[in-house]
*Asks:* 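Encoded as structure tokens, here's the structure I'll be asking about.
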Amino acid sequence: MDDRQGQTQGQTQLYQPALYRILDANLDRVREGLRIIEEWCRFGLNHTDLTAECKALRQETAQWHHAALRAARDTATDPGTRLTHAQEAERGSIQQVLQANFCRVEEAMRVLEEYGKLYDGKMGSTFKQLRYRVYQLESQILSHERSQKLLRSQLYLVTSPVANLEATVEAALQGGLALVQYRAKDEDDVTRMAKATQLRELCHRYGALFIVNDRVDLALAANADGVHLGQQDVPLALARQVLGPNRLVGRSTTNPDELQRAIAEGADYVGVGPVHETPTKPGKAAAGLDYVRYAAEHCPIPWFAIGSINPTNLREVLESGGQRVAVVRSIMEADQPTLVTQYFLSQLQRH
């Protein structure tokens with residue numbers, strides 16, 4: 001043995017107890033975090049494949065949790081057991097629980113990847129690959145959650161510029177609203193970005209989806225759940241390329257040809273209208289209830305009737321086959337947005 005090899009072995013012996021404790025602690029973090037995620041996939045999503053992947057990740061991690069690593073544990077003298085943060089005591093939604101535990105798992109796997117190289121050459125490469133699988137799992141769960149929320153959403157609020165924007169949207173969310181689109185045609189980008197970020201945080205606090213109108217770049221920057229495109233906006237395929245496969249892309253349609261094209265292009269949902277002439281679409285002729293009837297018979301993806309729909313004319317939309325509606329002024333200009341939201345939802349659910 002030459003001097004350099006002896007020196008390396010000596011250093012390894014010196015730091016071995018600390019190394020083993022680091023590996024043991026982070027293996028525990030990974031397994032605990034994955035179990036929390038697995039429980040939601042199993043009982044919350046009832047999703048066999050996602051549950052199976054969580055279980056496989058846990059088991060592959062457990063194979064590295066050797067007895068020697070467990071034996072190095074020294075909880076009594078570990079200063080980390082007494083450290084905490086206020087955010088750890090608060091979880092406002094399932095989404096926050098999942099996000100916190102994905103972060104925990106991913107960070108711990110990165111630690112195992114780096115320190116594992118000192119323990120066993122294969123450990124570093126193994127946890128590098130496992131970490132990539134966790135990233136993919138996170139994307140799959142987010143995509144599934146968004147799709148399921150979209151399917152369950154019957155009322156879609158499209159915002160308009162009002163002085164009390166955030167308060168109005170929150171009032172609607174308190175009434176049970178689960179889908180919001182931020183639409184602001186005439187505001188500058190600095191204002192749009194600030195408001196989009198505020199509304200996204202608000203919507204996610206209530207477990208609602210948040211969509212940005214027209215602007216794919218703004219939707220990405222604000223970490224929105226998706227974007228809604230008009231007929232004159234960027235191609236749907238380009239929006240999907242920019243946003244990735246796990247966010248929602250909707251498309252406005254005004255006739256059967258546009259509807260069929262949106263379906264063929266892979267839209268997650270479509271707007272159907274305007275049912276009546278509306279000041280939000282000046283110069284656009286009403287598509288009428290005939291188009292609602294067509295969508296009811298021919299549209300296999302979620303669709304929302306839109307265009308001056310209010311509590312007075314809602315019934316005729318429902319009787320024409322509409323099961324979901326999008327509204328603007330009926331809520332944004334309402335004196336009591338919560339009550340109006342509750343009324344819309346009660347009629348939609350009853351029908």
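Computed from heavy atoms alone, side chains included, the values below leave out hydrogens, waters and symmetry copies. By convention here, the first residue in the shown sequence is residue 1. Values in this document were obtained by computation on a predicted structure and should not be read as measured data.
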*Asks:* Please report the interatomic distance CG(L339) to CD1(I331), rounded to the nearest 0.5 Å.
*Replies:*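 It is 11.0 Å, given to the nearest 0.5 Å.
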*Asks:* Carefully, step by step, assess R315 and E319 under the rule salt bridge (Lys or Arg N to Asp or Glu O under 4.0 Å).
*Replies:* CA-CA 6 Å; R315 185 175 182 82; E319 291 176 346; 3.0 Å; yes
*Asks:* Does D24 pair with R70 as a salt bridge, N-O distance under 4.0 Å?
*Replies:*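 Judged by the 4.0 Å cut-off on N to carboxylate O distance, D24 and R70 do not form a salt bridge.
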*Asks:* State, without any angle test, whether T48 and R42 hold a side-chain donor-acceptor pair at a distance under 3.5 Å.
*Replies:*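 On atom types as modelled, these side chains do not qualify, holding no pair under 3.5 Å.
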*Asks:* Is the Y135 to F102 ring centre distance short of 6.0 Å?
*Replies:*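 Ring centroids of Y135 and F102 are no less than 6.0 Å from each other.
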*Asks:* Under 4.0 Å between a side-chain nitrogen and a carboxylate oxygen: does that hold for E113 and R110?
*Replies:*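 Salt bridge between E113 and R110, a charged N being under 4.0 Å from a carboxylate O: yes.
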*Asks:* Does the side chain of Y119 come under 3.5 Å of the side chain of Y20 through a donor N or O and an acceptor N or O?
*Replies:*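 Y119 vs Y20: no donor-acceptor pair found between side chains.
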*Asks:* Can you tell me which residue among V275, L318, V325 is in a side-chain contact (heavy atoms from CB on, under 4.5 Å) with V292?
*Replies:*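 Of the listed options, the one satisfying the test is V275.
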*Asks:* Indicate whether any N or O donor in one side chain lies under 3.5 Å from an N or O acceptor in the other, for R251 and H228.
*Replies:*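 Per modelled atom types, R251 and H228 side chains form no pair under 3.5 Å.
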*Asks:* Looking at K128, I'd like to know if its NZ atom is crowded, meaning that more than 12 non-hydrogen atoms belonging to other residues, nucleotides or ligands lie closer than 6.0 Å.
*Replies:*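 No, because the 6.0 Å sphere around NZ of K128 holds 12 heavy atoms or fewer from other groups.
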*Asks:* Is a side-chain N or O of K55 found less than 3.5 angstrom from the main chain of L50, in a donor-acceptor match?
*Replies:*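 Answer holds: no.
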*Asks:* Is I211 reachable from L236 through a run of hydrophobic residues whose side-chain heavy atoms are each under 4.5 Å from the next?
*Replies:*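 Different hydrophobic clusters.
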*Asks:* What is the distance from atom CD of E32 to atom CG of L27, rounded to the nearest 0.5 Å?
*Replies:*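 Rounded to the nearest 0.5 Å, the CD-CG separation comes to 10.5 Å.
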*Asks:* Looking only at the side chains, is there a donor atom on one of H204 and D225 sitting less than 3.5 Å from an acceptor on the other?
*Replies:*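 The answer is yes; a qualifying pair exists.
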*Asks:* State which residues pass salt bridge (Lys or Arg N to Asp or Glu O under 4.0 Å) with E138; sequence neighbours excluded, sorted by chain then number.
*Replies:*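 So E138 forms no salt bridge (Lys or Arg N to Asp or Glu O under 4.0 Å) with any residue.
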*Asks:* Can you see whether T254 engages Y291 through a side-chain donor-acceptor pair at a distance of less than 3.5 angstrom?
*Replies:*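 Side-chain D/A pair, T254 to Y291: absent.
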*Asks:* What distance do R247 atom CZ and R146 atom CZ have between them, rounded to the nearest 0.5 Å?
*Replies:*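 These two atoms lie 5.0 Å from each other.
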*Asks:* Can you name the side-chain contact (heavy atoms from CB on, under 4.5 Å) partners of E187, sequence neighbours left out?
*Replies:*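 For E187 the side-chain contact (heavy atoms from CB on, under 4.5 Å) partners, ignoring immediate neighbours, are Y182, A184, T191, R192, K195.
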*Asks:* Could you check whether R133 pairs with E53 (Lys NZ or Arg NE/NH1/NH2 to Asp/Glu carboxylate O, under 4.0 Å)?
*Replies:*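 Result for this pair is yes, salt bridge flagged.
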*Asks:* Is it true that a side-chain atom of T253 and a backbone atom of G271 form a donor plus acceptor pair closer than 3.5 Å?
*Replies:*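 Yes: the side chain of T253 pairs with the backbone of G271.
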*Asks:* Identify the two heavy atoms, one from I37 and one from L98, that lie closest to each other, and give their separation to 0.1 Å.
*Replies:*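 Answer, listing the atom of I37 first, then L98: CA-CD2, 4.2 Å.
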